[in-house]
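Contents: one structure, followed by commentary.
Counting starts at 1 for both ligands and their atoms, following the listed order.
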Amino acid sequence: MDHQKNKLYQWRDCLEFNINTVHDLYSQYINKRQVDMVSSFGFGRGIATHAEGMYIHTKDGRKILDFTGGQGVLSHGHNHPRILKVRQDFQDEKRMEVHKHFFSPYMAALAHNIAQLLPGDLNISFFCNSGAEAVEGAVKLAYKYHDGKRKYILHSDISFHGKLLVTGGLGGSPEFHFPFPTIPHIESFTFDDIESIKSAVTRLKTEKGESDIYAIILEPFNASSLSQCSTAFLQELRQICNRENIVLIFDEIYSGWAKAGDLFYFFKHDVIPDILTYSKSFGGGKSSISGYTTRTPIFKGAYGSTRDAILHSTTYNGYGEETVTAIEAINIIIEEDYVSKSKHIGQVLHAGLNNLKTKYPDLISEVNGSGSLNGVVFNKDMYPALKAALNFVPGDLFKDEGFLGKLMTAAVMSDLFNSHGILTSFGENKNITLFVAPSLICTDEHIKTFIDALDNTLGKGKLKLLVAFATQKFLKT
Ligand SMILES: Cc1ncc(COP(=O)(O)O)c(C=O)c1O
């Protein structure tokens with residue numbers, strides 16, 4: 001049956017699209033509401049042509065300083081030359097991408113390298129493609145380690161682990177306002193509160209008085225709210241998990257690979273998890289690769305028998321080019337000392353942001369973060385008046401509570417982009433933080449440019465920024 005409706009595009013056709021064509025195609029074939037939301041910002045009305053290092057170039061000739069760090073993916077910046085070379089070499093030499101019948105020397109080397117960098121017996125790795133997939137693999141591993149005999153998993157009230165059914169159920173993020181089905185017996189504890197862990201551990205026992213909890217999962221550094229667990233909390237948590245034989249999972253998908261100031265945030269606290277999940281900059285900004293690494297006894301207990309050895313697998317486990325990209329990404333992180341870079345970026349950024357907090361006490365209520373993952377929280381005292389004023393604005397965007405909560409941050413982001421060519425993003429949490437999380441190749445000069453621009457933006461005043469943002473949506477060209 002011939003059912004083709006229109007001609008098919010070639011990939012180079014895309015380079016000729018203007019923004020209206022892209023919006024139309026998104027509206028028709030992807031998600032119309034996404035177009036409404038993102039096109040409220042200047043960047044939603046531009047087309048990126050190429051990107052290099054800290055910069056994105058647009059079709060209208062702008063050179064945008066990217067201070068988002070690509071939502072955690074771009075620690076190496078855009079198109080790092082070493083990452084590109086590895087991929088080009090791999091292609092030019094026609095290396096074998098995948099075959100289930102041959103062992104992958106690349107995957108073997110990647111797993112070896114990770115084991116060298118992680119402490120203790122965190123030795124056994126599994127690679128997949130998205131963060132949520134890594135977390136689901138970790139949860140399965142913990143459940144299987146207990147042979148399906150324990151019922152409960154605990155997660156923090158401040159958490160984000162992904163948007164699949166299991167990981168969605170394990171998230172405490174406000175993004176999850178719809179009750180999708182998930183795995184049973186999920187219980188929540190309060191972030192960084194050891195008493196709430198103790199109370200759950202005391203409560204969730206079998207009839208024999210043994211622990212009925214197979215795993216506790218948390219982000220020691222929650223990137224979306226920039227909340228950090230204390231050393232005392234993490235160390236006591238580790239002791240409880242040891243005593244009760246509960247598998248402790250640290251999700252460092254966002255904070256890992258030097259972004260929060262140490263190679264992994266947990267290094268700072270001298271506490272070793274049973275399973276670690278990671279992703280994002282692990283792929284050097286080019287490869288969608290994620291993974292978990294577990295302690296040898298946990299892996300043996302779960303999948304150590306021949307019968308159970310491949311209870312967990314995926315088609316896209318360790319594709320060649322993805323894997324060699326990750327090998328190179330890690331080697332860059334180590335050889336170019338991204339840990340020191342991240343710490344330095346954190347210090348310089350905090351100094352600049354705290355100066356602005358002193359200068360604009362009516363606007364900035366908080367500056368927080370660690371390493372290159374930082375944020376600014378704005379005062380919310382304008383929202384009630386603004387909400388009333390925006391009721392007459394056509395369309396439903398400004399009537400959405402979630403969007404209104406983001407307005408001040410959105411207004412600042414918008415001015416940074418429109419007036420200064422700087423791209424930022426916001427965190428999805430109760431404070432709606434302006435994310436200031438540049439790549440780890442960011443220099444002091446980039447930070448100065450950013451701080452001067454933010455100073456100029458904030459100097460315009462809250463009202464002017466909010467009105468400019470609210471009206472620009474209806475004045476778009
Ligand atoms: C801590 C954490 N875990 C899991 C995920 C999910 O990763 P993905 O979006 O690749 O599924 C994210 C994504 O941002 C994350 O930050």
Does the N or O separation between G162 and ligand 1 drop below 3.5 Å for any pair? no
Using a plain distance cutoff, I'd like to know if D251 has any nitrogen or oxygen under 3.5 Å from a nitrogen or oxygen of ligand 1. yes
Only heavy atoms of [X], strictly under 4.0 Å: list the atoms of ligand 1 that pass.
X    : result
I253 : 2 (C), 3 (N), 4 (C), 5 (C), 12 (C), 15 (C)
K280 : 13 (C), 14 (O)
A132 : 6 (C), 7 (O), 8 (P), 11 (O)
E219 : 1 (C)
S130 : 10 (O), 11 (O)

For a quick check under 3.5 Å, do [X] and [Y] share a side-chain donor-acceptor pair by atom type?
X    : Y    : result
D212 : H185 : no
D24  : S27  : no
S75  : S281 : yes

L218 side chain reached by S159 side chain, heavy atoms, under 4.5 Å: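 They are not in side-chain contact.
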Check whether any side-chain heavy atom of E219 sits under 4.5 Å from a side-chain heavy atom of Q228, and report yes or no. no
Does the protein place any heavy atom closer than 4.0 Å to atom 9 (O) of ligand 1?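 No, no protein heavy atom sits under 4.0 Å from atom 9 (O) of ligand 1.
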For [atom], closest protein heavy-atom neighbour:
atom                    : answer
atom 16 (O) of ligand 1 : Y254 CD1, 3.4 Å
atom 2 (C) of ligand 1  : F160 O, 3.2 Å
atom 7 (O) of ligand 1  : G131 CA, 3.2 Å

Within this structure, what is the OG1-CD1 distance for the pair T190 and I158, rounded to the nearest 0.5 Å?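 T190 atom OG1 to I158 atom CD1 measures 8.5 Å (nearest 0.5 Å).
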Hey, what do you get for CZ (F221) to OG (S227), rounding to the nearest 0.5 Å? 8.0 Å
Among K163, H161, E136, which one puts a heavy atom closest to atom 4 (C) of ligand 1?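 Looking at heavy atoms only, the winner is H161.
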Pick from K286, H78, K280: which one makes a side chain to side chain contact (heavy atoms under 4.5 Å, CB included) with V73?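 In the set K286, H78, K280, the residue that makes a side chain to side chain contact (heavy atoms under 4.5 Å, CB included) with V73 is K280.
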Any idea which part of E252 is under 4.0 Å from ligand 1, heavy-atom wise: side chain, backbone, both or neither? neither
Determine, for F417 and R62, whether the Lys NZ or Arg CZ falls below 6.0 Å from the six-membered ring centre while staying within 45 degrees of the axis.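 Yes, cation above the ring, under 6.0 Å and within 45°.
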